[in-house]
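Input: a single structure, listed below in structure tokens.
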Amino acid sequence: MYYKKLVGKKCYLSPIDLNDAEKFTEWLNDLEVTTNLGPLYSGIINVEGEKEILKDLSQKHNYSIIDIETNELIGNCGFLEIDNVNQIAEIGIFIGNKKFWGKGYGTEALVLLIDYGFKALNLHNILLKVFSFNERAMKCYEKVGFKIIGKRREALNRGDKKFDAIFMDILYDEFYKKK
Ligand SMILES: CC(C)(COP(=O)(O)OP(=O)(O)OC[C@H]1O[C@@H](n2cnc3c(N)ncnc32)[C@H](O)[C@@H]1OP(=O)(O)O)[C@@H](O)C(=O)NCCC(=O)NCCS
């Protein structure tokens with residue numbers, strides 16, 4: 001069951017339904033998806049493990065992304081770590097249903113989540129990490145307003161190649177275009 005917690009035009013963000021563990025497991029065994037997600041690419045994800053992961057994530061401001069027209073689950077996004085003292089957090093997102101890539105869903109889901117993070121969770125700075133080959137993701141993050149702040153060089157192995165991990169962040173004022 002999904003609930004319209006944060007609602008956009010294309011999608012809404014709902015608390016995670018633990019019954020979706022099988023669908024998430026299917027996506028997290030798709031190397032075309034997980035190549036973008038760091039250690040998940042070389043990890044082992046089965047339904048039992050995924051249920052535990054979802055149980056944990058569901059308590060930590062992680063949300064399912066649901067297509068607003070069909071109420072179909074398409075992915076997940078949320079805060080990986082929240083540091084309330086310094087008002088900072090790291091964010092992550094993946095759309096597992098590849099039919100929905102490149103159609104604006106990721107941008108909208110992030111705008112909903114970040115607005116919630118700044119206004120409801122009282123955050124000031126939000127960080128994310130993306131690998132240098134992931135042009136679609138970087139374009140999406142730039143549209144939201146993230147800026148590149150640095151990179152860790154050659155931090156990811158894919159086959160015989162090494163890629164940089166790029167760090168991007170956004171401040172409250174930048175998101176609301178006050179600066
Ligand atoms: C990254 C992700 C969340 C982005 O969401 P999305 O809905 O696909 O992205 P959007 O459509 O909102 O924005 C992507 C932009 O990149 C463009 N784009 C699409 N494919 C591209 C490609 N191969 N190279 C460059 N740009 C591309 C799109 O045209 C769009 O820009 P536009 O609106 O100016 O046309 C989603 O693609 C995804 O989950 N991918 C797999 C997992 C992943 O990479 N997660 C992020 C890990 S850091």
Side-chain angles (χ1 to χ4, degrees), residues 2 6-14 16 20-21 23-43 45 50 53-54 57 60-82 88-117 125-159 161-170 174-175 177:
Y2 304 124
L6 302 171
V7 184
K9 290 194 176 107
K10 294 167 184 280
C11 64
Y12 65 92
L13 303 189
S14 165
I16 292 170
D20 284 331
K23 182 49 83 182
F24 279 113
T25 304
E26 183 189 320
W27 291 334
L28 294 174
N29 281 286
D30 180 341
L31 297 179
E32 229 187 309
V33 174
T34 60
T35 190
N36 304 295
L37 304 178
L40 284 168
Y41 184 65
S42 46
I45 304 278
E50 184 57 16
I53 292 168
L54 287 181
L57 287 178
K60 294 185 174 168
H61 289 300
N62 266 258
Y63 296 98
S64 285
I65 308 170
I66 311 294
D67 178 30
I68 207 157
E69 255 185 37
T70 60
N71 283 313
E72 186 185 351
L73 174 73
I74 66 168
N76 173 272
C77 63
F79 294 103
L80 309 174
E81 269 175 48
I82 298 180
I88 60 175
E90 190 171 339
I91 213 167
I93 181 168
F94 84 94
I95 294 175
N97 186 331
K98 293 183 275 189
K99 279 190 311 193
F100 287 85
W101 285 1
K103 294 181 177 165
Y105 284 84
T107 303
E108 187 176 273
L110 280 178
V111 167
L112 292 170
L113 185 69
I114 290 165
D115 180 56
Y116 179 73
N125 173 302
I126 296 170
L127 175 83
L128 61 78
K129 184 170 98 175
V130 58
F131 297 114
S132 54
F133 56 77
N134 198 347
E135 289 176 18
R136 184 189 297 111
M138 272 186 278
K139 187 144 185 220
C140 165
Y141 302 149
E142 275 161 15
K143 282 195 292 174
V144 172
F146 281 90
K147 291 180 180 157
I148 294 176
I149 53 166
K151 61 184 179 184
R152 185 175 189 179
R153 295 167 303 155
E154 301 182 9
L156 184 84
N157 281 329
R158 285 290 178 260
K161 293 203 177 102
K162 289 193 182 290
F163 296 92
D164 297 339
I166 294 173
F167 294 89
M168 303 177 80
D169 76 356
I170 188 165
E174 290 168 348
F175 183 69
K177 307 226 174 9

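In each ligand, atom 1 is the first atom listed, and ligand 1 is the first ligand listed.
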Exercise for the section: Find out whether the Lys NZ or Arg CZ of R158 is both under 6.0 angstrom from the six-membered ring centre of Y41 and within 45° of the ring's axis. Expected result: yes

(request) Would you check if there is a donor-acceptor pair between the side chains of D169 and Y141 at a distance under 3.5 Å? (result) no

Heavy atoms of W27 and L73 approach each other most closely as CH2-O, 3.5 Å

Go through the steps to decide whether F163 and F131 satisfy the test ring pair (Phe, Tyr, Trp, His ring centres under 6.0 Å), and finish with yes or no.
CA-CA 7 Å; F163 296 92; F131 297 114; 8.5 Å; no

Side chain E174, main chain G145, donor-acceptor under 3.5 Å:
no

message = Assess, by modelled atom type and distance only, whether the side chains of Y2 and D20 contain a donor and an acceptor separated by less than 3.5 Å.
response = yes

Per the under 4.0 Å non-hydrogen criterion, ligand 1 touches N36, L37, I93, F94, I95, F100, W101, G102, K103, G104, Y105, G106, T107, K129, V130, N134, E135, R136, A137, K139, C140, Y141, K143

